[in-house]
Amino acid sequence: MIWLNIVAGFILIITGFILKRYPTLVSWYSIDISSDNEKSKFDLEGMSKMYRNILLTIGLIVILIYPILDFLELQIYIIPVSFSIIVIGIFSLYMGGEIFYKKRV
């Protein structure tokens, strides 16, 4: 069970660093913003940094949640808590991406 948390955590961490290095991998950025004028209004560096930080945090929490709950003898909650952390993190990624689109009127 602990290996599942470790692997999932490392996948999230590696994904965060990949998105920081190649920020255009975010698909909604390339689909929703088609013209160069629209792309100039978008803070791609800030968004990729935020994505890396959130994915790094989620990954570390998922890795550390098993030993913490095991120490507290709450093993039954490991899967629901890990799943909840990932879902909340993905939701925050989606909502946080909207911040970096600078609408100019």
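No hydrogens, no waters, no symmetry mates; every other heavy atom, side chains included, goes into these values. Treat the numbers as computed from the prediction; the structure is a model and nothing was measured.
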Taking atom OH of Y51 and atom OH of Y94, what is their separation to the nearest 0.5 Å? 9.5 Å
Does I76 have any side-chain contact (heavy atoms from CB on, under 4.5 Å) partners at least two apart in sequence or in another chain, and if so, which? none
Output the distance between atom CZ (R52) and atom CD1 (I18), rounded to the nearest 0.5 Å. 13.5 Å
Are L93 and I11 linked, directly or through other ILVMFWY residues, by side chains that come within less than 4.5 angstrom of each other? no
What donor-acceptor contacts under 3.5 angstrom involve side-chain atoms of residues 79-91, with partners at least two apart or in another chain?
{"from": "S82", "atom 1": "OG", "to": "N5", "atom 2": "ND2", "distance (Å)": "3.2"}
{"from": "S82", "atom 1": "OG", "to": "I78", "atom 2": "O", "distance (Å)": "2.9"}
{"from": "S84", "atom 1": "OG", "to": "P80", "atom 2": "O", "distance (Å)": "2.7"}

Walk me through it: do I6 and W3 pass the test side chain to side chain contact (heavy atoms under 4.5 Å, CB included)? CA-CA 5 Å; I6 292 172; W3 293 108; 4.2 Å; yes
Give the table of side-chain donor-acceptor pairs shorter than 3.5 Å for residues 53-65, with sequence neighbours excluded, one pair per line with atom names and distance.
{"from": "N53", "atom 1": "ND2", "to": "K49", "atom 2": "O", "distance (Å)": "3.4"}
{"from": "T57", "atom 1": "OG1", "to": "N53", "atom 2": "O", "distance (Å)": "2.8"}

Applying side-chain hydrogen bond (donor to acceptor under 3.5 Å, both in side chains), can you list everything that pairs with D70, at least two apart in sequence or on another chain? Q75
Pairing residues for T15 by the side-chain hydrogen bond (donor to acceptor under 3.5 Å, both in side chains) criterion, not counting sequence neighbours: none
Sequence neighbours excluded, every pair satisfying salt bridge (Lys or Arg N to Asp or Glu O under 4.0 Å) that has a member inside residues 12-25: K20-E45
Given the rule that I, L, V, M, F, W and Y join up when any side-chain heavy atoms are under 4.5 Å apart, are L69 and V7 in one cluster? no
